[in-house]
Amino acid sequence: MEKGGYPFTEIEAQWQKYWETHKTFSATDGTRPKGQLTGGKPKFYVLDMFPYPSGQGLHVGHPEGYTASDIIARYKRMKGFNVLHPFGWDAFGLPAEQYAIQTGTHPAVTTQKNIDNMRRQVKSLGFSYDWDRQVDTTDLGYYKWTQWIFLKLYNSWFDEDRQKARPIEELPIPAELSDAQREQYINDQRLAYEAFAPVNWCPELGTVLANEEVVGGVSERGGFPVIRKPMRQWMLRITRYAERLMKGLDLVDWPESIRKLQTDWIGRSVGASVDFQVDGHEAVIRVFTTRPDTLFGATYMVLAPEHPLVDAITTDVYRPDVNQYRQQAARKSDLDRTDLAKDKTGQFTGAYAINPVNDGLIPIWISDYVLISYGTGAIMAVPAHDERDWEFAKKFELPIIPVVQPTPEAALQTDLAAKLRTEGVKDVVAAVLSAVKRCEICFVGDGVAINSGSFNDLPTAEFKIRITDWLSSRNLGKQAVCYKLRDWLFSRQRYWGEPFPIIHTDDGRTVALSEQDLPLGLPEVADYKPTGTGEPPLAKATDWVNVTLPDGRTGKRETNTMPQWAGSCWYYLRYLDPHNEREPFAADKERYWMPVDLYIGGAEHAVLHLLYSRFWHHLLYDLGYVSTPEPFKKLINQGMILGEDNQKMSKSRGNVINPDKVIEEYGADSMRLYEMFMGPLEATKPWSMQGVEGVHRFLNRLWRTVIDENTGKISENVQESEQDEETQRLLHQTIQKVGEDIESFGFNTAISQMMIFVNHLSKLKIRPKDAIESLVLILSPFAPHICEELWRRLGHPNTLAYETWPAHDPSRTRAQRVELAVQVLGKIKDRIVVPADSDTATIEAAALASEKVRAALAGKPVKKTIVVQGRLVNLVI
RNA sequence: GGCCGAGUGGCGGAAUGGCAGACGCUGGGGAUUUAAAAUCCCCUGCCCGAAAGGGCGUGAGGGUUCGAUUCCCUCCUCGGCUACCA
């Protein structure tokens, strides 16, 4: 229940109803908002990351970002922008499906119920969303277009020369191919393709997981073990966009840390590919290395256990051991791999490769420290200059040849150097150099070549260039670029996701639906359980699965569904034109609203969601459907909110704060204000109920300052009167600071400033009405309900949402006389009051008039006087 | 192990080269009240002191500067992300 004070429950309900019935926040495409003249308002698109409608309802973390974006949206409207501020639901996902498995309730029913509840909660906070634009990714009218984009991916290829996607019809196809080869050739170029590849299989969940959904070897959801199992999957060729996704980051205004996360995730490295002939075989092993300069130090090779050449090159003697090792590796979960990282394992194949630079024979091993999914799945091992190879070589007693002599600077940065320094060794560099030469330590830095034939004495950087040229000229290798980024595993063995618009015909072909056949709706199924063999629940909907094509061929529908990321990849575009049944969004609306000017959401989506949606956006850009190369201009991450015990909020800890309760007791305005007052938006910070009471007291004080509590009318103290100098100065300072702080997302300090001003006003006997009106306007983005109510009671019949943001007069923010601190040699000795525009000489004279200052000077002459306007004067003696 | 971020009163935080601790919370004292809640006023970094006053103080140590919470170097602690990517 309400805890005394102003009647927020009533006020908030009333204004929420007003906004809804008046469609106050409806955004009009390309023109001014309703009720105003059409004209050239600048647009502003402020977007929240839409939530998954969970059964738990809203968490106090959600309103943090939503309040921040709402403040911006409301502020921008008052600054004369045409604001688009929409909301929606990322509603496909596992929880509703698991609930369905347990109870038999259709996930759509659960989802709708959860959406209704969360929408009620979101609305109770008074956000200025344009609810007519709400989207729901599970809505047939929405996922029709998700499927449409999938078809665009399927029907496109990436032209490396032009660095852009093009329709598959434009793919140049070699002339001499047979029909089957031709089809294969095309399928190999499609941006959506099927692959039979080892994936993360979670037996417990009965589904495949993306790498990102596996955390520390167990499923992110549920914490079940995950093993590697080869299965047929849909993949998206995001890797073709690696370069574009990297370069696009230069166009956006994102936190440096997020850009770096994405850059690292894409993981571009430049090096060389080098071919090693297998001794006595036709086979050639191609490796990728960033250190071609260490080729002379390659003393063995390692293939990933899954490498296709392993079978061919393994000798009969080693075959049983090799096969056993491969089986072991295949079964290993990621957790096992991680755990065993400290202890390398491997198996010799019996085969040898020829080192192209010196024709030396080097043994070929297999080991799971080499990943099939990166580079070529094979490495040349240079134990002297690579930590992993060093460990492996030590364990299996393989030879180590040093080929890089550290530069002095690099030598000093080694661990050994640090150790030697503490031991007081004099010539640290010489000691490190000799340790490298004697193979006592592994050195990974730069230096000068040794033991490298005619390349000796070359510095690392130059060696890399020279050896790459040398290899190219002999057709043994060439410069190469590798990315950590992998193709995106795009299918899930689940029910509650978008069905693929794909049919597998009984004659073994894959046929995509045409766009006219969309949407392909989810069928009803008897139960939602995965079959446990990897076959998805949709396989049980036989009526749906079995189809006959117009040409009489029979086939089965794809029974995998798309991952949750799919719907969230493009929702920001659907908001532009959410009811369009003929296209995902109209081109003119896209051109008007895009790009998103401000995107606010959690840092947990720093990599995946943002990378995936950028990828789709790039595709749509290439195909001409969107006009901006990047979707999200500015990005802000809100921080995490901890429980009152400074721990992550969780049911088990019992420290979860329920937003409904907070709103019930203190009101939505107090909730919003507190979320912003806690601290900087991006920071992790703990909740405090007493803090909520603090801001609530502030709103009560504001109310009492303006309203006579007995009559509910404007207080007699509020009058149309001249502002005294201090009130005027404080008001203008407050207007200025609040505006600047909103622009820089410093909401906490904006609120403090308004608290200072309210504290001042509340002490005045006569409170100038115009000052109060300005205050109400600048507070309204933060606490809209109470401000709307005060605005009305101050005599304004309409909403304040489109009132002009008050202007501050810089000449009124300055005081006429200022107090300065007087320092002698940087230590404060006294304070003086002088006219604000005093010159240095006047200030110095005033300072010298002080007893305390003279005492501190002790008769010494002042050598230098430093004046910081309005702050201090420092006398240097 | 790597990367990113952060260390300021009893607590959340403010100040990013110029008076450290704004604003809020907590705590203490007072006013009001039959009493309480609410409200209002005063105090509230630490140490010495009866006070006046003085000293210390932004994780630790060094440096740059007239002046450093802020910039530079070394180290410590905590949080987040990531993890054999050749």
Side-chain angles (χ1 to χ4, degrees), chain A residues 3-5 215-216 255-258 260-261 263-265 267-269 271 287-291 294 302 304 334 337-338 340-342 344 367-371 373-382 385-389 391-392 444 482-486 603-604 606-607 639-640 642 644 646 648 673-674 677-680 682-695 697-698 700-701 704 709 746 748-756 758-759 762-763 819-831 862-877:
Chain A
K3 286 193 170 172
V215 177
E256 194 47 48
S257 59
I258 301 291
K260 192 172 182 312
L261 274 177
T263 307
D264 290 351
W265 190 266
R268 182 179 201 266
S269 16
V287 303
F288 173 76
T289 176
T290 54
R291 293 297 300 269
T294 60
V302 186
D334 276 13
R337 282 198 169 200
T338 315
L340 295 177
K342 285 169 203 141
K344 296 239 175 325
S367 170
D368 62 8
Y369 87 88
V370 173
L371 309 174
S373 45
Y374 182 77
T376 60
I379 62 156
M380 65 174 204
V382 185
H385 304 293
D386 181 285
E387 301 272 8
R388 298 150 298 181
D389 299 344
E391 254 177 68
F392 192 82
V444 297
C482 240
Y483 298 93
K484 259 161 80 171
L485 184 67
R486 310 290 154 80
E604 66 274 19
V607 179
M640 208 196 322
L642 305 174
E644 297 202 81
N646 246 300
K648 256 186 195 163
L673 213 50
Y674 176 65
F677 187 63
M678 291 171 83
E682 303 91 332
T684 304
K685 43 214 179 268
W687 189 267
S688 157
M689 264 321 182
Q690 285 171 332
V692 181
E693 292 201 36
V695 294
R697 273 202 278 271
F698 160 66
N700 273 325
R701 184 175 303 134
R704 287 195 310 269
E709 288 190 283
N748 53 335
T749 48
I751 294 167
S752 328
Q753 184 62 39
M754 290 186 281
M755 286 174 166
I756 291 169
V758 170
N759 288 345
S762 68
K763 287 182 183 118
E819 188 191 68
L820 300 184
V822 183
Q823 295 183 335
V824 175
L825 284 174
K827 296 264 180 205
I828 291 169
K829 297 298 172 188
D830 202 1
R831 280 161 233 277
V862 174
K863 276 196 279 190
K864 199 167 144 196
T865 304
I866 294 150
V867 173
V868 181
Q869 273 307 323
R871 291 191 175 271
L872 57 76
V873 51
N874 187 11
L875 305 177
V876 183
I877 51 174

Applying the Watson-Crick and G-U wobble criteria at under 3.5 Å, what pairs with [N]? Answer none if nothing qualifies.
N	answer
B:C66	B:G18
B:U39	B:A31
B:G5	B:C78

Query raised in the report: Closer to the 5' end of RNA chain B via nearest nucleotide, is it A:Thr749 or A:Leu825?
Result: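 Whichever sits nearer the 5' end wins; that is A:Thr749.
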
**Report entry** Residue closer to the 5' end of RNA chain B, A:Ile828 versus A:Ala683 (nearest nucleotide)
**Finding:**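 Upstream on the strand: A:Ala683.
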
Measure the spacing between [atom1] of [X] and [atom2] of [Y] and express it to the nearest 0.5 Å.
X	Y	atom1	atom2	answer
A:Ser688	A:Asn646	OG	CG	11.0 Å
A:Ile258	A:Thr263	CD1	OG1	11.0 Å
A:Leu825	A:Asn874	CG	CG	7.0 Å
A:Arg486	A:Tyr374	CZ	OH	8.5 Å

Which one, [options], comes nearest to the side chain of [X]?
X	options	result
A:Tyr374	B:C81, B:A86, B:G12	B:A86
A:Tyr369	B:A14, B:C84, B:C23	B:C84
A:Arg704	B:A86, B:C23, B:C40	B:C40
A:Lys864	B:A86, B:C66, B:G13	B:C66
A:Asn748	B:U39, B:G18, B:G13	B:G13

On a whole-Å scale, what distance lies between the [atom1] atoms belonging to [N] and [M]?
N	M	atom1	answer
B:G53	B:U44	P	14 Å
B:A38	B:G54	C1'	42 Å
B:C47	B:C42	P	25 Å
B:U70	B:U64	P	15 Å
B:G9	B:C23	C1'	15 Å
B:G55	B:G59	C1'	22 Å
B:U8	B:C66	C1'	25 Å
B:U69	B:G17	P	13 Å

Report task. With syn defined as a glycosidic angle within 90° of 0 and anti as everything else, classify B:G55. Result -> anti

Requested in this report: Go through the structure and list residues passing side chain to side chain donor-acceptor pair (under 3.5 Å) with A:Thr684, not counting sequence neighbours.
Outcome: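 A:Thr684 satisfies side chain to side chain donor-acceptor pair (under 3.5 Å) with no residue once adjacent residues are dropped.
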
Query raised in the report: Any sub-3.5 Å donor-acceptor pair from A:Arg704's side-chain atoms to A:Ser762's backbone N or O?
Result: no

Taking any heavy-atom pair under 4.0 Å as a contact, classify [X]: base, sugar-phosphate, or nothing.
X	value
A:Lys763	sugar-phosphate
A:Lys484	base
A:Glu387	nothing
A:Gln823	base

Query raised in the report: So does A:Ser257 get a side-chain nitrogen or oxygen closer than 4.0 Å to the phosphate oxygens (OP1/OP2) of B:C81?
Result: no

I need the [atom1]-[atom2] distance between [X] and [N], as an integer number of Å.
X	N	atom1	atom2	value
A:Leu371	B:A83	CG	P	11 Å
A:Leu261	B:C3	CG	P	13 Å
A:Tyr483	B:A86	OH	C1'	17 Å
A:Glu709	B:C40	CD	P	11 Å
A:Ile258	B:U82	CD1	P	12 Å
A:Leu642	B:C11	CG	P	16 Å

Report task. Please identify each residue that fulfils ring pair (Phe, Tyr, Trp, His ring centres under 6.0 Å) with A:Phe392, with sequence neighbours left out. Result ->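 A:Phe392 satisfies ring pair (Phe, Tyr, Trp, His ring centres under 6.0 Å) with A:Tyr300, A:Trp365, A:Tyr369, A:Phe396 only.
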
Could you go over nucleotides 24-28 of chain B and give all protein N or O partners under 3.5 Å, atom names and distances?
{"unit_1": "B:G24", "atom_1": "OP1", "unit_2": "A:Asn759", "atom_2": "ND2", "d": "3.0"}
{"unit_1": "B:C25", "atom_1": "OP1", "unit_2": "A:Arg697", "atom_2": "NE", "d": "2.9"}
{"unit_1": "B:C25", "atom_1": "OP1", "unit_2": "A:Arg697", "atom_2": "NH2", "d": "2.9"}
{"unit_1": "B:C25", "atom_1": "O2'", "unit_2": "A:Gln690", "atom_2": "OE1", "d": "3.4"}
{"unit_1": "B:U26", "atom_1": "OP2", "unit_2": "A:Arg697", "atom_2": "NH2", "d": "3.3"}

Return the set of residues passing salt bridge (charged side-chain N to carboxylate O under 4.0 Å, His left out) with [X] (not counting sequence neighbours), or none when no residue passes.
X	value
A:Asp386	A:Arg388
A:Lys685	A:Glu64
A:Lys648	none

Query raised in the report: Of all residues at least two apart in sequence or in a different chain, which pass the side-chain contact (heavy atoms from CB on, under 4.5 Å) check with A:Ala603?
Result: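 Partners of A:Ala603 by the side-chain contact (heavy atoms from CB on, under 4.5 Å) criterion, ordered by chain and then number, come out as A:Asn637.
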
Query raised in the report: Among all residues two or more places apart in sequence or in another chain, which pass the side-chain contact (heavy atoms from CB on, under 4.5 Å) test with A:Lys864?
Result: A:Ile866, A:Val876

Report task. Mark yes or no for a side-chain to base donor-acceptor pair under 3.5 Å between A:Lys260 and B:C3, with no hydrogen or angle criteria applied. Result ->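 A donor-acceptor contact between them is absent.
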
Requested in this report: Could you list by number each residue of residues 869-877 of chain A showing a heavy-atom separation from RNA chain B of less than 4.0 Å, or answer none if no residue does?
Outcome: A:Arg871, A:Leu872, A:Asn874, A:Val876

